[in-house]
Protein chains: 2
Amino acid sequence: MPTIIDVAKRAGVSFKTVSRVFSGEDYVREETKMAVLKAARELDYKVNVSARTLRAKRSNKVVLIGSNPSPNYRNLFQLGALSACQDAGFDLVLKSEFDESEIQKLVLSDKPVGIVLLPPASGEISILNSLEALGVPVIRVGAYPETGSGGYCIYIDDDAASFDITQVLIQAGHSAIAFLSGPLSQLHAQKRKDGHLRALQSAGISPKEDWVLEGNFDFKSGFALADKLLSSKERPSVIIASNDEMAAGCLAAAYKNNLRVPEDLSIAGFDDSPIAQVIYPPLTTIHQPVKEMAIEAIKLLDVVNRKKETGNAAIKLDYEVKLRGSTKFIETTT
Amino acid sequence: MPTIIDVAKRAGVSFKTVSRVFSGEDYVREETKMAVLKAARELDYKVNVSARTLRAKRSNKVVLIGSNPSPNYRNLFQLGALSACQDAGFDLVLKSEFDESEIQKLVLSDKPVGIVLLPPASGEISILNSLEALGVPVIRVGAYPETGSGGYCIYIDDDAASFDITQVLIQAGHSAIAFLSGPLSQLHAQKRKDGHLRALQSAGISPKEDWVLEGNFDFKSGFALADKLLSSKERPSVIIASNDEMAAGCLAAAYKNNLRVPEDLSIAGFDDSPIAQVIYPPLTTIHQPVKEMAIEAIKLLDVVNRKKETGNAAIKLDYEVKLRGSTKFIETTT
DNA sequence: ATCGTTTATGACAACCTTGTCATAAAAGCA
DNA sequence: TGCTTTTATGACAAGGTTGTCATAAACGAT
């Protein structure tokens with residue numbers, strides 16, 4: 001493997017200049033830069049990450065902490081993050097849970113480029129604070145800038161998305177609408193509920209208290225709650241779940257109760273995770289650009305890494321209502 | 001952060017001796033070793049991986065190449081590999097696909113501890129050969145020692161597992177059995193089919209040609225094939241799919257065709273991936289110890305890494321038939 | 001023309017570990 | 001005993017990069 005010195009010789013400059021080119025330092029003439037890059041290309045030079053890390057006391061690791069209960073969401077995010085990391089030359093290190101002392105050790109010994117937090121960890125202020133104290137850039141996915149003082153946030157407008165999907169279902173002729181929220185201690189779960197209620201209100205529908213239930217973002221709670229809803233006398237015509245896992249649970253409960261979807265019951269989810277299309281009928285849901293969020297997260301870290309200073313920013317991405325087979329359009333007799 | 005030198009001072013030995021202790025070299029008195037470890041503990045010393053990698057020209061990266069079409073299988077394996085890597089002090093680098101030139105570059109520049117291949121890449125001899133030529137240890141998951149000359153194999157007996165689940169269903173009273181195989185170019189897909197046919201034969205059931213179909217290990221092909229099976233005149237009483245994704249597709253097709261599972265149709269899968277319990281009814285399937293396979297894979301690499309030499313071995317793990325709600329036991333009127 | 005500032009480049013040390021070689025003590029053997 | 005071999009430890013260099021400092025040229029302002 002060629003080193004910086006080989007490239008320097010070939011380009012006729014000092015090895016320090018080559019270093020400058022590859023570490024993105026200033027003060028290299030455009031002409032010199034080109035010559036260096038040409039020489040590097042000819043030799044197929046690759047920077048030695050270990051040496052760089054050793055000297056610069058900064059690794060190329062990105063730590064992804066994913067304690068999200070939905071494996072589909074996690075998996076999708078990982079995939080996006082993975083390819084973005086490959087492009088940026090970062091190593092993706094996965095941690096399944098947030099363990100303060102472990103992370104602290106990791107940060108101190110490895111000096112990672114940054115830490116990406118998935119919900120619900122991304123919403124916990126105590127976590128944010130302890131990471132900021134370590135001076136490591138933090139990207140919070142699915143968290144809002146109004147929570148916590150700093151860090152970088154990447155999010156969608158959960159409130160508006162929930163409003164939209166509810167509105168669409170109302171326009172489809174539904175009025176007996178049940179809603180399964182996530183744990184309300186999580187801000188995005190709360191926002192999804194808020195948006196839903198707002199849509200009901202603006203349509204003049206008063207929410208039935210028994211039909212707004214709190215789940216846990218997983219299949220099991222979705223199944224249990226929907227089973228309860230469907231086995232009682234008065235049934236909703238549609239259940240909106242706050243994520244796709246819970247929606248899958250609703251679907252299961254429907255079949256258990258001998259109801260056909262969407263003929264007897266409509267179901268909607270949230271996330272558009274892979275599971276949405278691996279069940280029958282495919283799920284009406286909110287498409288969240290999870291992969292794009294991952295890519296933005298890594299891009300952000302790349303910028304922060306180059307600038308060598310931490311700041312803060314918030315990126316709001318667009319969502320999309322996906323109408324699929326799990327919801328029925330009721331003919332309104334006008 | 002303390003270095004090897006700090007530890008050496010505290011323990012009253014040379015830094016080289018400390019290095020010996022941490023890199024597992026021979027020729028350190030037990031007594032000295034203990035003193036070093038004590039000093040290291042007191043200082044909370046951690047080896048600097050970059051420095052080690054730089055000097056030893058060997059990284060602590062494990063490359064996991066997962067081109068498996070079942071995201072659930074991949075995800076589960078990743079999780080197991082991840083925690084095992086953390087224990088062993090390895091970094092897990094994920095690659096979604098096998099790209100010969102990319103991998104070659106990676107091996108040459110990073111000198112990874114080893115490469116873990118998931119199916120179907122693990123079964124392709126050309127891949128194995130090109131990796132062996134690079135001299136990097138290869139762990140093949142779901143591949144058989146009889147394929148290819150070397151490397152390390154971790155697998156289950158697909159033939160026997162398929163035999164067993166088929167036999168269980170026959171004993172449950174089924175005789176109209178359809179089977180969806182994976183792509184027969186993949187050896188484990190072929191074995192699952194073989195085991196199935198063997199079980200039919202040993203029960204004196206002659207397989208219907210139209211009921212043994214080749215799918216692609218994904219939801220879509222499972223759905224399409226089952227839809228075809230179920231919309232024809234003569235229906236099987238059970239469909240055995242070669243993995244859970246395809247079984248989920250069968251379930252969807254059943255609902256589409258207005259059939260109740262398991263009342264009108266039984267379904268069985270293979271893998272016991274998370275999806276098996278996130279559908280309704282939960283899937284009768286073969287539990288594959290995917291996490292254990294991942295852990296074994298990393299353990300193997302750890303051993304190989306310490307010995308600094310590549311050999312070969314094969315580890316066969318146990319499977320288990322999981323009977324769940326998706327299959328019906330037919331009362332036999334004796 | 002002179003001086004201060006910015007731009008561009010180089011020389012050299014430092015980062016922390018492992019590899020190589022040297023050396024001394026202990027053990028094995030004739 | 002005297003010799004070779006094994007065990008145990010240390011001194012020192014090397015690995016490829018970036019940080020620091022020095023220096024020279026180019027530029028701008030007086």
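Letters A, B, ... are given to chains in the order of the sequence lines, protein chains preceding strands, and every chain is numbered from 1. When reading the values below, keep in mind they use all heavy atoms of this one structure, side chains included, and skip hydrogens, waters and symmetry mates.
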Expressed as a whole number of angstroms, how long is the span from [X]:[atom1] to [N]:[atom2]?
X: A:Arg52; N: C:dC16; atom1: CZ; atom2: C1'; answer: 18 Å
X: A:Arg58; N: C:dC16; atom1: CZ; atom2: P; answer: 15 Å
X: A:Phe22; N: D:dT18; atom1: CZ; atom2: P; answer: 10 Å
X: B:Asn48; N: C:dA14; atom1: CG; atom2: C1'; answer: 13 Å
X: B:Glu25; N: D:dT7; atom1: CD; atom2: P; answer: 14 Å
X: B:Ile4; N: C:dG19; atom1: CD1; atom2: P; answer: 11 Å
X: B:Asp6; N: C:dC15; atom1: CG; atom2: P; answer: 11 Å

Over all atoms of both residues, closest heavy-atom pair of [X] and [Y]:
X: A:Val28; Y: A:Lys33; answer: CG1-N, 3.9 Å
X: A:Ala314; Y: A:Pro145; answer: CB-CG, 3.7 Å
X: B:Leu43; Y: B:Pro2; answer: O-CG, 3.3 Å
X: A:Asn75; Y: B:Arg74; answer: ND2-NH2, 4.2 Å

ask   = B:Ser19 has a side chain; which of D:dG16, C:dT17, C:dT18 sits nearest to it?
value =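 Taking heavy atoms from C-beta onward, the closest nucleotide is C:dT18.
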Review item, nucleotides 23-27 of chain D N/O atoms under 3.5 Å of protein N/O:
none

Quick tally for nucleotides 8-14 of chain D: nucleotides whose base has a protein heavy atom under 4.0 Å get B, sugar-phosphate-only ones S, the rest -, giving BBBBBBB
Report task. Kindly assign one of parallel, tilted or perpendicular to the pair B:Phe217 and B:His188, based on the angle between their ring planes and the thresholds 30° and 60°. Result ->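 If you compare the ring of B:Phe217 with that of B:His188, the planes turn out parallel.
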How about CD on B:Glu42, more than 12 heavy atoms from neighbouring residues, nucleotides or ligands closer than 6.0 Å, or not?
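Count over threshold, so yes.
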Next on the checklist: A quick test of your reading: do over 12 heavy atoms of other residues, nucleotides or ligands sit less than 6.0 Å from CD of A:Glu100?
Outcome noted: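 No, not enclosed.
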Problem - Positive for side-chain contact (heavy atoms from CB on, under 4.5 Å) with B:Ile315, one of B:Ile156, B:Ile139, B:Leu300 - result: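 Considering B:Ile156, B:Ile139, B:Leu300, a side-chain contact (heavy atoms from CB on, under 4.5 Å) with B:Ile315 is found only for B:Leu300.
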Checklist entry - Hey, what do you get for CZ (B:Phe90) to CG (B:Asp302), rounding to the nearest 0.5 Å? => result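 Reported to 0.5 Å precision, the distance equals 4.5 Å.
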At 4.0 Å (heavy atoms only), tell me whether A:Val47 reaches a base, stays on the sugar-phosphate, or touches nothing.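 A:Val47: backbone/sugar contact only, no base atoms under 4.0 Å.
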